Amino acid sequence: MAAGPVDCHCHLSAPSFQPDVAAVVRAARQAAVAALVTVTEQAGEFRSVLELSDRCEARACRPRPGGAVAVLPASCSVGLDFTPRFASTDEQKEGQRQVLTKQVELARKLDLPLNVHSRSAGRPTINLLKEQGASKVLLHAFDGKPSVAMEGVKAGYFFSIPPSIIRSDQ
């Protein structure tokens, strides 16, 4: 794959992008983006992601001649979201932990990477991933403390730099 930044979490299969997805990919190419890793929010988007990837001739991470952008399919985004909007009780948080545990088990069984978010749940997310033996982990939009991120780095996890970094003292 060509050198350059990678958008490790985008939603090109979302209905709102469908009218101008080609323009988004062209803009990424012009900005020297090497790849767009597109994730789904709903199961109905899986086919769209694979079709988009095929149209961009990027089913595998192979060198892209002429600076073309690779559009790579990824699994759903998984993780914990402990913001009050999604988890205001201990029971809701535990429910999310149980779902993420099953997703980690499936990823391990199928030898797939995990694209993980951790809204208001940096430490619980890292702890759960380590407890479950997760590998091939990318934490996108990680909002935990740097010391917690270092625990993930020691476990071999990767981190993206989210746009929220400009608003955070961390």
Side-chain angles (χ1 to χ4, degrees), residues 6-18 21 24 35-54 58-61 70-170:
V6 173
D7 184 333
C8 65
H9 183 97
C10 59
H11 293 273
L12 292 179
S13 61
S16 59
F17 277 112
Q18 294 314 301
V21 71
V24 171
L36 302 168
V37 178
T38 187
V39 297
T40 62
E41 289 184 0
Q42 300 180 24
E45 295 177 33
F46 291 148
R47 184 172 309 250
S48 175
V49 168
L50 293 175
E51 289 170 358
L52 176 62
S53 178
D54 284 340
R59 293 283 280 144
C61 293
V71 177
L72 306 170
S75 63
C76 293
S77 174
V78 301
L80 301 176
D81 186 336
F82 287 176
T83 57
R85 178 178 173 204
F86 292 105
S88 58
T89 67
D90 289 341
E91 291 80 19
Q92 290 170 324
K93 291 176 183 179
E94 182 55 31
Q96 287 189 26
R97 284 186 190 97
Q98 290 176 11
V99 170
L100 181 56
T101 296
K102 290 180 190 275
Q103 291 167 325
V104 171
E105 289 171 1
L106 183 60
R108 286 179 52 220
K109 178 180 177 182
L110 299 175
D111 194 29
L112 293 172
L114 289 163
N115 196 325
V116 182
H117 60 256
S118 59
R119 292 181 199 97
S120 298
R123 184 172 300 280
T125 301
I126 296 287
N127 288 345
L128 187 146
L129 292 169
K130 287 173 34 181
E131 289 166 8
Q132 297 301 316
S135 62
K136 298 183 182 179
V137 173
L138 169 68
L139 288 121
H140 69 273
F142 181 78
D143 68 352
K145 295 181 178 180
S147 60
V148 176
M150 288 308 298
E151 292 177 31
V153 170
K154 289 177 187 172
Y157 305 154
F158 294 89
F159 292 80
S160 67
I161 301 170
S164 61
I165 194 168
I166 62 172
R167 298 185 306 269
S168 173
D169 292 335
Q170 294 183 28

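Since this is a predicted model, take the numbers as computed values, not measurements.
Atom CD of Q98 sits about 10.5 Å away from atom CG of L128, to the nearest 0.5 Å. In this structure, CZ in R108 is found 7.5 Å from CD in Q132, a value given to the nearest 0.5 Å. Between L100 atom CG and D81 atom CG the span is 12.0 Å, to the nearest 0.5 Å. Taking CD of Q103 as the reference point, atom CG of L106 lies at 8.5 Å (rounded to 0.5 Å).
Side-chain contact between T38 and C10: present, with at least one pair of heavy atoms (C-beta onward) separated by less than 4.5 Å. Annotation: side chain of Y157 is in contact with side chain of I126 (closest heavy-atom distance under 4.5 Å). With contacts defined as side-chain heavy-atom distances shorter than 4.5 Å, the pair K93/L80 does not qualify. L138 places none of its side-chain heavy atoms less than 4.5 Å from the side chain of V37. Within the 4.5 Å cutoff, side-chain heavy atoms of S48 are placed close to those of Q18.
Here S88 pairs with Q92 under the side-chain hydrogen bond (donor to acceptor under 3.5 Å, both in side chains) rule; sequence neighbours left out.
Residues in residues 81-128 take part in these ring-ring contact (aromatic ring centres under 6.0 Å, His included) pairs, two or more places apart or across chains: H117-H140.
Q96 and G79 make their closest contact through OE1-O, 4.4 Å (heavy atoms, listed as atom of the first residue, atom of the second, distance). Here the closest heavy-atom approach between residue F142 and residue G122 is recorded as CE1-CA, 3.7 Å. The heavy-atom pair separating T125 from S118 by the smallest distance is OG1-CB, 3.3 Å.
Of the charged side-chain nitrogens involved, none lies within less than 4.0 Å of a carboxylate oxygen, so that E105 and K102 do not count as a salt-bridged pair.
Partner of V104 under the side-chain contact (heavy atoms from CB on, under 4.5 Å) criterion, out of V78, V99, L114: L114 alone.
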